[in-house]
Amino acid sequence: MPEKIPYLDLAAQLRPLRKELDAVIARTLDNCSFCLGPDVAQFEKDFAKFVGVEHCSGFNSGTSALHVAMLLLGVGPGDEVVTTPFTFVATSWAISYVGAKPVFVDVDDATFNLDPKLLERAITPRTKAVMPVHLYGHPFDLDPILAICKKHKLPLVEDTAQAHGAKYKGKTVGTFGEISCFSFYPGKNLGACGEGGALVTNNAAYDKRARSLREHGSTVRYYHDEVGYNYRMEGIQGAVLGVKLKHLAKWTTERRRVAHRYHELLADTPLQLPREAAWGESAYHLYVVRHPRRDDLKKHLETNGVGCALHYPLPLHLQKCYANLGHKAGDFPFAEKAARECLSLPIFPELTDTQIQRVVEVIKDFFRK
Ligand SMILES: *Cc1c(COP(=O)(O)O)cnc(C)c1O
């Protein structure tokens, strides 16, 4: 039996960093700064610099950061926020948490991202913000979306949870919106050893209030200016992320190497391959191919020891939790087609060329049958 190829190999990433991680975790145990603290503060500075923004505040998850983004923009009951139905559910959770309504706009068939051509007709007098997602690490088309936001005086929030270091026309994503939110869930391009997230902005007032909201609505201990949350980043996660951030640019290069090798080797298969738009430089959080016989191909890969995954099998408008929105199959045809056909192949910085060739071999074997 040939070597199994995991869909994601976090252990391979941790191995060479282990000594350094042990040391910074030990330091946290020594200084007992478990909630926020100096390592989180340093990571916030370093990550703000990496993205190219003025302010970064650390959170206990990307979901929490998105929730606070909605609070900062004053989104509340009766309001609407325009977003994509083809994303991880946390994007729309943020909208639901504040009692607002997610208004979905179908995705573009090529990039799987919110289609700018469909955006304007979704805007109503109740719309308070626009929140697309840089899905799979590929930027959404910022210029036309920013133009529509400007015309309607709506703030843009970037869900950058999958796109650390991705670029739009040469500029890092996360710098375009009023607010952008990152996730450091272990499997993300920059992952903590546990949960983590960040909210970045160039607006000092948003940053100040984000820091208060993540810490029980207080800036002075035991004095609470508004109802807040316990959304603080843990000290250990700040320390771990500080170590890993130094490798992020190199890891993105490696992800792009893997993607380009797949492009090359899979070009003559019937699969529809991900393609970068002319204006985009993907961070390749995922490498997602498409085929109408996706379910059979998935079984074939798994039977032959190749890990794969579905991102995502059911668009948000058809989820049980959003039955109250009254959507039906056919409402967002491109999101639904993507959900039926997409298949995420193994991609991580440490994936070797031999492993890539093995994945491709198994795929080619499927189409020979
Ligand atoms: C992972 C993810 C989130 C949520 O981040 P967590 O850190 O897991 O809470 C939000 N949006 C998208 C698109 C994600 O992929």
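Just so it is clear, the model here is predicted, and its values are computed rather than measured. Just so you know, ligand 1 is whichever comes first in the structure, and atom 1 is the first atom listed for that ligand.
- When H285, K188, E195, Q162 are checked for heavy-atom proximity to atom 2 (C) of ligand 1, K188 turns out nearest.
- Between F88 and ligand 1, no N or O atom pair is found at a separation short of 3.5 Å.
- If you look at T63 next to ligand 1, the close heavy atoms, those under 4.0 Å, come from the backbone and the side chain alike.
- Of all atoms in ligand 1, numbered sequentially from 1 with element shown, those under 4.0 Å from a heavy atom of T91 are 11 (N), 13 (C).
- Side-chain polar atoms of Y231 and S61 form no donor-acceptor pair below 3.5 angstrom.
- Distance from atom 7 (O) of ligand 1 to its nearest protein heavy atom, with residue and atom name: S183 OG, 2.7 Å.
- Counting atoms of ligand 1 from 1 in the listed order, those under 4.0 Å from a heavy atom of A90 are 3 (C), 4 (C), 10 (C).
- Using modelled atom types and a 3.5 Å distance limit, the side chains of H247 and Q13 yield no donor-acceptor pair.
- No donor-acceptor contact under 3.5 angstrom links the side chains of N203 and T201, judged on distance only.
- The residue from A94, G197, A161, A163 that puts a heavy atom closest to atom 3 (C) of ligand 1 is A161.
- Within ligand 1, counting atoms from 1 as listed, the ones closer than 4.0 Å to a heavy atom of T87 are 13 (C).
- Side chain to side chain, T87 and T84 fail the donor-acceptor criterion of an N or O pair below 3.5 Å.
- N113 and H134 get closest at one heavy-atom pair: OD1-C, 4.0 Å.
- Ion pairing between K250 and E254 fails under the 4.0 Å rule for side-chain N and carboxylate O.
- Listed by number with element, the atoms of ligand 1 under 4.0 Å from a non-hydrogen atom of L66 are 10 (C).
- Of all atoms in ligand 1, listed by their number and element, those nearer than 4.0 Å to a heavy atom of G196 are 7 (O).
- Within the listing of ligand 1, atoms 13 (C) sit less than 4.0 angstrom from a heavy atom of V133.
- Aromatic rings of H67 and Y229 (six-membered ring for Trp) have centroids within the 6.0 Å cut-off, being under it.
- The shell of residues lying under 4.0 angstrom from ligand 1, judged by heavy atoms, excludes L135.
- Within ligand 1, the atoms closer than 4.0 Å to a non-hydrogen atom of S61 are 7 (O), 9 (O), numbered from 1 in the order shown.
- Side-chain atoms of T111 and H138 form no donor-acceptor pair, as typed in the model, at a separation below 3.5 Å.
- With Y136 as reference, F112 is the one residue of Y287, Y284, F112 to meet the ring pair (Phe, Tyr, Trp, His ring centres under 6.0 Å) rule.
- The closest approach between A65 and ligand 1 stays at or above 4.0 Å for every heavy atom of the residue.
- If you check the side chains of S57 and E44, you find no donor sitting under 3.5 Å from an acceptor.
- The shortest contact between atom 11 (N) of ligand 1 and any protein heavy atom is with D159 OD2, 2.8 Å.
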